[in-house]
Amino acid sequence: MRRGAIIEVAEAAPAVARVIAEIKKFSKDAATNIYAAIGTTQIRVQTSRGIVAVSRTDSEIYQDDIERVVKASQAIQLAPNRMVIHSITREFIVDGAADIIDPLGLKGNRLESNSLIVDAFAPHVRNVMRSVELGLGEVSGLVFTPLAIARSVISKAQKNLGTVLISIGSGTTGVAIFEENKLWGVAQFPVGGANISGDIAIGLKIPIDVAEKIKREYGFAVARDIHSKDMIDLATIMPDGRGMVSRRLVAEIIQSRLDEIFELVSQEIKLAGKAGQLAGGALLVGGTSMLPGISDLARQELKLTVQLGSIIPQDWIIETTPAQQYIEDPDFAGAAGLILSGMDLEDKGKTKGFTLPGISKVKELFKYFMP
């Protein structure tokens, strides 16, 4: 994988096949009802509006009117190598009256819908689906990674207040912006925790695995909070290591890259028109979110309240230890979000005709994958 996308299907497929083989031990139906995350940075987001005339003489809006206007809002031109991943209706407008969630049963002459369209580089999407198919699985739906994570960690109250999700993974950083229970912006940037490790390796002229270890054990996000005389003995990190390294220097390298990430996030918030409006603040998830001092740096750079995100308790989550301990780990947010997204689509009747495994089967799967 590179920057959230599968580049070599032949190498990815065997790993996917091993996972699907284990899933089949618990539920063969689940193997044919897979929800896959699309994490490529080759994503484009645009708004689109559809307009239709209400078809009935009594001017009452029926379900077929809603379906027609949603379809009209999805009628956008795409390049041959692009495909739509999400079409999210943000609001309906009836005779100029906006911010309507469900127009069914209302009366009016003109019905409009305002949608957010997310499309991706088609070869990256096909590589995900092909990897699953080669593993003898079948994809029922695709979810853009930041939206999958947001589904499991952002509450309805936070979406209403206005919240930005920041998911800092290994090779990418995902962003999703919500306010008034609407999605206002979503993006994926080609920079993440692996870039920080690479910067340390280059700066200190050490192997990448050693740089990763230094980041995890000695890293800090705010350089000024580290004493200038605080040193790291390389002999304790690597067998042939010699000399001492300033821990503040390491923090400066880390902060420099994190500043870049938060600047990208800030720009995305401005593009969404939500600068200074997100009362719910920012939620940090992903492995890099565990870096000491990162919340303080994010608060300083974004001018928002900041907290670490965690999976919102759900009825289907196992309530016994040690499973509960791991399911609440933010590293599982994407997987939990995919299950919840699948359940949402099942409820709305938008799946391809497959039935999600029962709650007991979901619990068995999570028990299996717990460390």
Side-chain angles (χ1 to χ4, degrees), residues 4 6 15-40 85-86 88 118 120 125 128-129 131-133 135-156 158-159 165 167 169 174 176 178 181 183 186 188 283 285-287 309-371:
I6 294 175
V16 175
R18 288 193 293 272
V19 174
I20 293 175
E22 296 297 339
I23 290 172
K24 286 181 177 178
K25 294 179 182 179
F26 298 93
S27 171
K28 292 183 179 179
D29 290 338
T32 60
N33 194 25
I34 293 172
Y35 283 81
I38 301 299
T40 174
I85 302 298
H86 294 285
I88 302 166
V118 181
V125 177
V128 171
M129 300 184 70
S131 297
V132 173
E133 291 167 357
L136 302 181
E138 191 168 341
V139 175
S140 287
L142 302 168
V143 185
F144 188 34
T145 300
L147 297 182
I149 296 172
R151 178 61 182 85
S152 67
V153 302
I154 304 183
S155 68
K156 288 184 178 179
Q158 289 170 320
K159 288 181 179 179
L165 170 78
S167 173
F178 295 89
N181 282 321
L183 178 66
V186 64
Q188 188 98 320
L283 285 181
V285 297
S310 60
I311 298 174
I312 299 169
Q314 308 284 338
D315 292 340
W316 54 269
I317 291 180
I318 311 160
E319 297 179 354
T320 58
T321 56
Q324 181 73 8
Q325 169 189 349
Y326 291 110
I327 198 64
E328 291 182 347
D329 188 321
D331 284 344
F332 284 91
L338 284 172
I339 291 176
L340 291 169
S341 297
M343 290 178 172
D344 292 342
L345 291 171
E346 182 77 11
D347 289 342
K348 294 177 181 178
K350 292 183 179 180
T351 60
K352 295 181 180 179
F354 299 100
T355 302
L356 283 168
I359 297 301
S360 62
K361 290 294 185 181
V362 173
K363 291 183 176 181
E364 288 180 19
L365 287 172
F366 269 96
K367 283 181 179 178
Y368 177 80
F369 287 108
M370 291 304 105

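Both backbone and side-chain heavy atoms feed into the values below; hydrogens, waters and symmetry mates do not.
A donor-acceptor pair under 3.5 Å links the side-chain atoms of Ser152 to the main chain of Ala333, judged by distance alone. Put simply, the side chain of Gln188 never gets that close to the backbone of Thr40: no donor and acceptor are under 3.5 Å apart.
With sequence neighbours excluded, no residue forms a side chain to side chain donor-acceptor pair (under 3.5 Å) with Thr145. Residues satisfying the side-chain contact (heavy atoms from CB on, under 4.5 Å) criterion with Val128, sequence neighbours excluded, are Ile6, Ala36, Ile38. Scanning for side-chain contact (heavy atoms from CB on, under 4.5 Å) contacts around Ile34 gives Ile20, Val132, with sequence neighbours left out.
Nearest heavy atom pair, residue Ile312 against residue Ser155, reads CD1-N, 3.3 Å. When all heavy atoms of Ile154 and Lys159 are compared, the pair lying nearest together is CG2-CG, 3.5 Å. The two residues Leu165 and Pro146 have their closest heavy-atom pair at CD2-O, 3.4 Å. The minimum heavy-atom distance between Gly334 and Ile149, with the atom names listed, is CA-CG1, 3.8 Å. Annotation for Ala30 and Ile23: closest pair CB-CG2, 3.8 Å, computed over non-hydrogen atoms. Scanning all heavy atoms of the two residues, the minimum distance from Phe178 to Ala150 falls at CE1-CB, 3.8 Å.
Atom CG of residue Leu142 and atom CG of residue Leu338 lie 10.0 Å apart, to the nearest 0.5 angstrom.
Looking at heavy atoms from C-beta onward, Leu147 lies out of side-chain contact with Ile85 at the 4.5 angstrom threshold. With contacts defined as side-chain heavy-atom distances shorter than 4.5 Å, the pair Gln158/Val153 does not qualify. Two residues are said to be in side-chain contact when any heavy atoms from C-beta on lie closer than 4.5 Å; Arg151 and Val143 fail this criterion.
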